[in-house]
Amino acid sequence: MRKLLDEVRMLLRDAGVEEPRLEIPRQAGFGEVSCTSAFDIAKTVRKPPQSIAEEIASGIDLSKARLVERVEAVRPGYINFWVRWVNFAPDLLNTVIGEGERFCWSAVGRGKTVLVEHTSVNPNKALHIGHARNTCLGDSIARIYRSQGYRVVVANYIDDSGSQMADILLAFTRLGYSPEPPAGERFDEYCGRIYVEVNRLIESDQALSQEKRRITLEIEGRDTETFRLNRMVAERVLADQLKTCWRLGARYDILNRESDILAFNLWDEVFEKLKKSGAIYVAVDGPKKGCWLINLSQHPTLAREGDEVLVKSDGATTYVARDIAYAAWKLGLLTRDFRYRVWGTNPDGTTVLITDYAGDREYRIGGVDHTVNVVDARQRRPQEIVRYAIGFLGVDRSRYHHHSYEVVSLSARDAEKLGVRQVQQGFVHMSGRGGVFINVEQLLTHLKEKAVSETLKRHPDWSRGKVEETAEAIAVAALRYNLIRSDSDKMIVFDTEEAMDMEGDTGPYIQYAYARASRILEKADTGPRYECPASLADEEKALILKIAHTPLVVEDAARMLLVKKVVNHAHDLASAFNDFYEKCPVLTAEADVKGFRLAIVEAFRTALSSTANLIGIPLLEEM
RNA sequence: GGGCCCGUGGCCUAGAAUGGAUAAGGCGGCAGCCUCCUAAGCUGCAGAUCGUGGGUUCAAAUCCCACCGGGCCCGCCA
C-alpha cells in the first residue's frame, strides 16, 4: 500500500503538484486512492477545484506507472486513482505472506524503552469488569508498542498500604474470620466479600472504626505482626488477581509495591529536588499550616482549584507525593532503585519480579523514554499534578502520559439483579465496597459455559478437552473485544445479557472468520499462486484492499495510542473476508482462480492474526 | 462555584487529531439464503433534523463560540 501511495505521489509531483494530499476513499467507486489537492490549490489560484483537478489529471503521465491504471477528475474536484490489479495484487499478497508474523511490525521504537503500567488493582479484592477494561487496554497498548520495536516494560502497581487493606486485617484479627476461605471460594473473592461485610459493620460501630484506624497505622510500621499479616494477605490476593489477568492474556515484568516506595525512600530525593526548583512551599498559616504544597497557580486549569498537599503537617507523604516519586523513578531521575525477588512466571515463560527490601534481584529500567499510566478518568487531576511536578525536575512532561479511560458501570438490569434498588438512570456505578460489581472470573465462566454449549452443538464429536480449550478462547475474545472496542473516553454501561452475545460485532465474529479461512487452507490440495486472474470480483478487491490498509492502521493506532482503531480494523478485515467467503468459492474454482484465492486467504490470515495479536484476541483454527 | 469528559436511527457503537464525494456496522423488528470451503455467516426492508443555536469555509458529525442534557473531579483519603 505504501508503494502505491508513493507511486501516486510521484505521479502527482511530476504533474506539478508540490505536496499532494492523499486519502483513501471511504466508499468503493472512487478508486483506491484519492487526491484532494485541487481544493487546496483552488484557495490560492482563483479557479474552481474541478477544472484544476481536470488539468492535473490530464497532466499525469501513466506510462511510468506500474500500480496505477487509471486517473480521473471527479465532481467537486477529486483526483481519483484506480489500481492496476494485475501488478498490485500479486505484489501485495507476496509481501504480506512473505512477512508472515512480522507483517505490521515497525522499527520506529528501536532503541527506546517504554514503561506501560496497568491493572494496579488494590490487593484486597478480586478483579471486576472495570478493572478488566484497564488490564485489556493496558495489555493491548503494551502489545502495540512491542510491535513497533520498543522495548516494553510492563508494571503493575500494588497499592498495599491503604486503609482498604485494614478492613481485611480487621476481619482476621478481631472479627473471627478464618484466614482460609471456605472450600470453593478463591482467596481474592473471599477478601472482596469480607471487604463488603466489614464496611457494613463499621458504618454502625464506632469502636470498630477506631480499631481499623489503629490497624492502618500499624501496617506502616515494618516490623509489626500486622505488617507481616498485611503482606501475606496482599500477596495471596495478588496471586489470584494475576491468575485472572493471565487468563485475559496479560503479562507483567514487575510488580511495584507502594509500601516499597516508602521502604526504599524514593521520596526524599524528589523532595529535595522539588524544594530546589521552587515548585513547592510550606504553608506558614491557614488551615494547611505546616504542610508542604505544590504551587499550581501557574497551571492553566488546575490553578483555580488550589494547591495540592504533598507532605502533611505530621511529615507523612500523601498519595500524590508518592506517585511523583514513583514517576521520577520511572524516568530515571533518582539514584535510588528498588530491589526485587522472583514472583513467578508468566504464561509466556517470562519472569515476573516483585519489589522486596530484602530481595536479591535488580531490575534496571534505566530511566525509560516514555511512561504510560493506564488509570481511570477519575484520577485525571492527581495524574496531571504528577505530570506537572516532574516538569520541575527538568523532565520533558510529554514523557509522562496518563492514558485515561472512562469507568465501566452496570446496566439497570444487572444492577437490579445485584440487589440495587431505585435505579434512576439507565446505569449504576460499580462499588467494590458496596458489593455492586461483576466479577471477571465469574463472567468468564459464564461466557465459557455458553461457548461450550454452542461448540457442542456444532461439534458433538469433539473431546471434552478440545471443547473446553475452544470455549475458553471464545470467552476471552468476547470479553476483551467488548471492553476495548469503543472509545476510552466513553463510559461502558455493561450488561451481562448483551455481553453474552457471540454474533455480530463481537470477538467470536473475528475468530469465526479466521477459523473459516483456516479450514479452506487446510483442505486445499494445492498452494497459492500469485498471478492475478484477468478479472477480480468486487469482494476480492475489497478484501485485498483491507489487508493492504492494515499496516497503515496499525501505524496510526500506535502513534495515537488508540487501541480501538486496531479492534475496528480487525472487525473490518473479518467482515470483508465473510463477504468474500460468501461470493467467491475457493476450493471449487478453476485452477488459476483457486490458486490466487488461496493466496488471498493466506494473506488474510496473516493480516488478521497480526491485528488480533495486538489486541490479545486469541484465534482458533476451528470453532 | 471552577475544571475535565461524553451526547450519532428504539438501543449499542464506528466515522473527529489531515474539514471533503450517498453518515458505516451491530443489537432488536420484519422478509429471505445451508444437496455448495463451518449459518458464531450472508442478503433485503423499515428506521438519523449527527443534543440545540450561532460562526468559520466552496465544503462541518468533524474546527470555533454559546447553551442544554448526562457523567466525573475539586480532602493534611488512597
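Order of the sequence lines fixes the chain letters, A, B, ..., with proteins taken first and strands second; residue numbering starts at 1 for each chain. Small disclaimer: the values here were computed from a predicted structure and weren't measured.
Residue A:R378 places no side-chain N or O under 4.0 Å from the OP1 or OP2 atom of B:C72. Between A:Y481 and B:U13 there is no side-chain N or O to OP1 or OP2 distance below 4.0 Å. One finds no side-chain N or O of A:R380 lying less than 4.0 angstrom from the OP1 or OP2 phosphate oxygen of B:C74. Residue A:H429 places at least one side-chain N or O under 4.0 Å from the OP1 or OP2 atom of B:C72. Side-chain nitrogen and oxygen atoms of A:Y512 include at least one within less than 4.0 Å of the OP1 or OP2 phosphate oxygen of B:A40. Note on A:K288: every side-chain N or O is 4.0 Å or more away from OP1 and OP2 of B:G75. In this structure, A:K490 reaches the B:G7 phosphate: one of its side-chain N or O atoms is under 4.0 Å from OP1 or OP2. Phosphate proximity of B:A17 to A:K565: absent, as no side-chain N or O sits under 4.0 Å from OP1 or OP2. A close approach under 4.0 Å does not occur between any side-chain nitrogen or oxygen of A:K450 and OP1 or OP2 of B:A40. Contact annotation: A:R75 side-chain N/O to B:U22 OP1/OP2 distance is under 4.0 Å. A sub-4.0 Å separation between OP1 or OP2 of B:U43 and a side-chain N or O of A:K583 is absent.
When the P atom is used for both B:A46 and B:C4, the distance is 44 Å, rounded to whole Å. Taking the P atoms as reference points, B:C65 lies 14 Å from B:C6, given to the whole Å. Using atom P as the reference point in both B:C42 and B:G25, the two lie 11 Å apart (nearest Å). The gap from the P atom of B:A21 to that of B:C50 amounts to 15 Å, rounded to the nearest Å. Comparing the C1' positions of B:C68 and B:G29 gives a spacing of 32 Å, expressed to the nearest Å. To the nearest whole angstrom, the two P atoms, one in B:C33 and one in B:G71, are 47 Å apart. Comparing the C1' positions of B:G26 and B:A78 gives a spacing of 40 Å, expressed to the nearest Å. Comparing the same atom, C1', in B:G70 and in B:C34 gives a spacing of 46 Å after rounding to whole Å.
Here B:G15 is the nucleotide among B:C76, B:A78, B:G15 with the atom lying nearest to any side-chain atom of A:N568. For A:Y581, the listed nucleotide lying nearest its side chain is B:C37; candidates were B:G41, B:C37, B:C76. Of the listed nucleotides (B:C12, B:A40, B:A39), B:C12 has the atom at the smallest distance from the side chain of A:R485. Comparing B:C4, B:C42, B:A40 against the side chain of A:D579 picks out B:C42 as the nearest. Nearest nucleotide to the A:K312 side chain, out of B:C76, B:C37, B:U18: B:C76. Across B:A17, B:C4, B:A40, the shortest atom-to-atom separation from the side chain of A:L562 is found for B:A17. For A:E305, counting side-chain heavy atoms from C-beta on, the closest listed nucleotide (B:G3, B:A40, B:C37) is B:G3. For A:R458, counting side-chain heavy atoms from C-beta on, the closest listed nucleotide (B:A39, B:A21, B:G15) is B:A39. For A:I474, taking side-chain heavy atoms from C-beta onward, the closest of the listed nucleotides B:A78, B:A40, B:G41 is B:A40. Candidate nucleotides B:A40, B:U18, B:G3 were compared by shortest atom distance to the side chain of A:R304, and B:G3 ranks first.
In this structure, A:S404 reaches neither bases nor backbone, as no heavy-atom distance under 4.0 Å exists between it and the strands shown. Nucleic acid contact class of A:P76 (heavy atoms, under 4.0 Å, all strands): none. A:C35 comes within contact range of no nucleotide atom at all, as no heavy-atom separation falls under 4.0 Å. Residue contacts for A:E258: at a heavy-atom cut-off of 4.0 Å it reaches the sugar-phosphate backbone alone, with no base atom in range. Using a 4.0 Å heavy-atom cutoff across all strands shown, A:T588 reaches no nucleic acid atom at all. Using a 4.0 Å heavy-atom distance criterion, A:N122 is classed as making no nucleic acid contact. Nucleic acid contact for A:V309: sugar-phosphate only, since backbone atoms but no base atoms lie under 4.0 Å from a heavy atom of the residue. Among the heavy atoms of the strands lying under 4.0 Å from A:S34 is at least one base atom, whether or not backbone atoms are also near. Within 4.0 Å of A:A283, counting heavy atoms only, lies no atom of the nucleic acid at all. Looking at heavy-atom distances under 4.0 Å, A:E582 makes contact with a base. Looking at heavy-atom distances under 4.0 Å, A:D572 makes no contact with the nucleic acid at all. Contact annotation for A:M491: backbone-only contact, meaning every heavy-atom pair under 4.0 Å involves sugar-phosphate atoms and none involves a base. Within the nucleic acid shown, A:K289 comes within 4.0 Å of at least one base atom, counting heavy atoms only. Base contact: A:E622 has a heavy atom under 4.0 Å from a base atom.
Taking atom CG of A:D487 as the reference point, atom P of B:G25 lies 21 Å away to the nearest angstrom. Straight-line distance from the CG atom of A:L573 to the P atom of B:A14: 18 Å, rounded to whole Å. The distance from atom CZ of A:R559 to atom P of B:U18 is 7 Å, rounded to the nearest whole Å.
Cation-pi geometry between A:R387 and A:Y400 is not met: the NZ or CZ atom fails to fall both under 6.0 Å from the ring centre and inside 45° of the normal.
Here A:F30 counts as stacked on B:A21: its ring centre is under 5.5 angstrom from the base ring centre and the planes meet at under 30°.
Base pairing analysis places B:U18 opposite nothing; no Watson-Crick or G-U wobble pair with both distances below 3.5 Å involves it. Applying the Watson-Crick and G-U wobble criteria (two distances, each under 3.5 Å), B:A61 pairs with nothing in any strand. The base-pairing partner of B:C4, taking Watson-Crick or G-U wobble contacts with both distances under 3.5 Å, is B:G71.
Taking the six-membered ring wherever Trp is involved, the centroid distance between the rings of A:H569 and A:H571 does not fall below 6.0 Å.
Salt-bridge annotation for A:R214 and A:E218: present, with a side-chain N of the basic residue lying under 4.0 Å from a carboxylate O of the acidic one. Between A:E54 and A:K47 there is no salt bridge, since no side-chain N of the basic residue sits under 4.0 Å from a carboxylate O of the acidic one. One finds no salt bridge joining A:E19 and A:R21 here, because no Lys/Arg side-chain nitrogen approaches an Asp/Glu carboxylate oxygen to under 4.0 Å. Checked for salt-bridge contact, A:K490 and A:E406 miss the test: no charged N lies under 4.0 Å from a carboxylate O.
A donor and an acceptor atom sit less than 3.5 Å apart, one in the side chain of A:S313 and one in the base of B:C76.
Nearest heavy-atom pair across A:I617 and A:R480 is CD1-CB, 4.2 Å. Shortest non-hydrogen contact noted between A:C584 and A:E540 is SG-CG, 3.8 Å. Listed here is the closest heavy atom pair of A:L620 and A:S518: O-OG, 4.4 Å.
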### Task
Evaluate the criterion ring-ring contact (aromatic ring centres under 6.0 Å, His included) for residue pair A:Y509 and A:Y481; output intermediate values, then yes/no.
CA-CA 10 Å; A:Y509 177 90; A:Y481 190 90; 8.6 Å; no
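B:C34 has its base syn relative to the sugar, with a glycosidic angle deviating from 0 by at most 90°.
Between A:R381 and A:N80, it is A:N80 whose nearest contact on RNA chain B lies nearer the 5' terminus. Judged by closest nucleotide on RNA chain B, A:S486 is the one of A:H459 and A:S486 placed further toward the 5' end.
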